[in-house]
There are 2 protein chains.
Amino acid sequence: MKEKVTNVTIKMLANQLGLSISTVSKAISDSHEISAATKQRVNDLVEKLNYKPNPYASSLRTRNSKTIGVVLPEVADSFFAQAINGIESVAEEKGYHVLIYLSHESFEREEQIIKDFESGRVDGVLISVAKETEQHKHIDTLLEKKIPLVFFDRVIDEVATTKIITDDYEAAYTATEHLIKQGYKQVLFLSFSQTLSISCKRLEGYKKSLYDNTIKFSSGNVLRFSNDAKKDYSNLLRKLTSLKKGIGVLASVEKLALPLYQACEELQLRIPQDVGLISFSNLDSAAFLHPPLTTITQPAFEMGKAAAAFLVKALERKNFELADEEIVIPSVMIVRKSTL
Amino acid sequence: MKEKVTNVTIKMLANQLGLSISTVSKAISDSHEISAATKQRVNDLVEKLNYKPNPYASSLRTRNSKTIGVVLPEVADSFFAQAINGIESVAEEKGYHVLIYLSHESFEREEQIIKDFESGRVDGVLISVAKETEQHKHIDTLLEKKIPLVFFDRVIDEVATTKIITDDYEAAYTATEHLIKQGYKQVLFLSFSQTLSISCKRLEGYKKSLYDNTIKFSSGNVLRFSNDAKKDYSNLLRKLTSLKKGIGVLASVEKLALPLYQACEELQLRIPQDVGLISFSNLDSAAFLHPPLTTITQPAFEMGKAAAAFLVKALERKNFELADEEIVIPSVMIVRKSTL
DNA sequence: TTTATTTACGAAACCGGTTTCGTACAGGAC
DNA sequence: GTCCTGTACGAAACCGGTTTCGTAAATAAA
């Protein structure tokens, strides 16, 4: 590590201008206390010397950092990639910096990240919780410190703050309904988690649709995915072979769709004739899969954007606190050939 | 914005323990000057009061922030998503924080981001430059301030620092070679940029392969993509209709592959019979496209990881400076049905 | 002309850590 | 007993901004 070049400080500006430090500081922040002429002189020198205020000195004094922390389970998923874009779009516009952390679906890791935030490193937090997360003490503690936090997509219902979600229940209902209408009498539900709010709601929507179609729910039709991709895959193979053809499958998250394509290929099952597939997915390539995948596409960009917008509003508006509310941005179903 | 809860400070610890601030500070950093007994008392209280040192105070004094800035052109591309994972893996291990910025392929935006870094906000920088970037004064200025920077994938050759790249020339050569071997006598090159180093190298590899196969290069076979997706697409349609069947296409970046699938569908051209396609791509779904896409897959995770590892080494090792060298991590070609 | 304001600026405290330097005291060497 | 050394700690400077408060001079009000 080389020693840094010493940056130009506000003190140097003051000395060169024959002004006090406080005057320079106020001039830079365009305070009404300072005359136009002085402001001009200061800004000229700022320009000339390429002065960049030390953000850490400023953050220390003002107790805010213009930085938001974003906690994601992972970033491979195209949902989160798009969400980052949405977040960045408002951060950029509002002059915020974005710190990114990945929990890798681990509660422990998520907890560490959130605990670090208690230090005041970030002004506010956006989070989509880890698959493993089943409690929320870490988040409560953060909120007690008055650090605003908004959830997006993977929320914790019990925490009283703003949550940006999509219509998981309705989307899953619609998806299941679609499969049934297409003639798949038996519908498998590929479950990502048994505890995550989104998973539960999607499962409920699925169940309700079965009920409305007088199909009795069987827990045997819910296939749970763990973190062990290999084991999951062999479970999937076993399940598929045990069933007769003509079943529908609802993949509750994007990452479960491709394994199904693979399994069908391996078992020589035809999509959509033998297996109908619909998946929650934001894959751009969905339309070009073999066959094209029917998807429930979430408004990922908009969700990220909305989450960031709420957070920034909470940070900047004195009389605005994050209400305990759900903002629902609906998903859309795009029917393609994987479901007839 | 609500006023923050006042955090526990090192001063409070000192008062409660009847010690001086400096003693507490040293105890926390496990200084040899402090007795084991005192350290114990201090750490007990730290634990009890849940003391979190203010990172900004620390950064101000020590002049480093344990933060690295990552500048990406975009994050929709799965290459960059995977690269982020690689970067995060070393950041997490080494205790660094990751600030993410998107240039959206704009030079101006990239310049602003880099200029902000002159403030000392980050200890070091990882960057994959924007498509528009054709000069490097902004980066030179940063390097003059002794802020280490390493490029990955989209590098600027003229800047004397470490660059993590893949074997663009060879990969494009191999890809073209493959198309020709498969019987495609005419090969289109879908170009993403005329200035980006990776694009130039890939084009060179393509040309060399043509040359080695005694096919004369025609600039008419290089199709340039702008930022105007619609116009690009209609250009692509026009080009494809103007050619006879049996042409090979090398898409030099991932985002150019799907439009080709779409165009072929629209023009009722069959892949691979009428059009053979190979693309630089890190899409997980490549194997399940219709037909499965032959790809040049870049080691995105490893590249991000290597870039971060070099940067951290430069930050932590006193006698290590980032050499002006290229670290090449080879890509692999995965042959699938889109090229026979 | 006197008093009240306003304008424009400076001194100094402050944010919360880190680091330098000084020192009291204990123990060992001579 | 004197000198030296090492141990364990504290006072204070420092990082580079922001903010409060005070004040001299200029202007307005009475």
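These numbers come from a predicted model, not from an experiment. We name chains A, B, ... by the order of the sequence lines, and we start the count at 1 in each one.
- The residue from B/Val129, B/Ile113, B/Leu126 that alone fulfils the side chain to side chain contact (heavy atoms under 4.5 Å, CB included) condition with B/Val71 is B/Ile113.
- Rounded to whole Å, atom P of D/dC21 lies 12 Å from atom CD of A/Glu33.
- Between the CD1 atom of A/Ile34 and the P atom of C/dT6 there is a distance of 18 Å, given to the nearest Å.
- At a threshold of 4.0 angstrom between heavy atoms, the contacts of A/Thr38 are confined to the sugar-phosphate backbone, with no base atom among them.
- Atom NZ of B/Lys66 is surrounded by more than 12 heavy atoms from other residues, nucleotides or ligands within 6.0 Å.
- Atom NZ of A/Lys145 sits about 5.5 Å away from atom CG of B/Asn50, to the nearest 0.5 Å.
- Sorted by first and then second residue, the salt bridge (Lys or Arg N to Asp or Glu O under 4.0 Å) pairs involving residues 15-24 of chain B (not counting sequence neighbours) form an empty list.
- In this structure, the separation between NZ on B/Lys39 and CD1 on B/Ile34 is 7.5 Å, given to the nearest 0.5 Å.
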**Study point:** Base versus backbone protein contacts along nucleotides 12-19 of chain D [heavy-atom cut-off under 4.0 Å; B, S, -]
**Key:** BBBBBBBB
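- Between B/Tyr101 and B/Gln112, the side chains place no donor N or O within less than 3.5 Å of an acceptor N or O (distance only, hydrogens not considered).
- Inter-axis angle, ends of the helix from C/dT1-D/dA30 to C/dC30-D/dG1, five pairs per end, rounded to 10 degrees: 50°.
- Using a cutoff of 4.0 Å between basic side-chain nitrogens and carboxylate oxygens, A/Lys163 and A/Asp324 are scored as salt-bridged.
- Within the 4.0 angstrom heavy-atom criterion, no nucleotide atom of any strand lies near A/Gly120.
- Here the shortest heavy-atom pairing between B/Glu118 and B/Thr141 reads OE2-CG2, 3.4 Å.
- Across the protein-nucleic acid pair, A/Leu17 atom CG and C/dA8 atom C1' stand 15 Å apart, rounded to whole Å.
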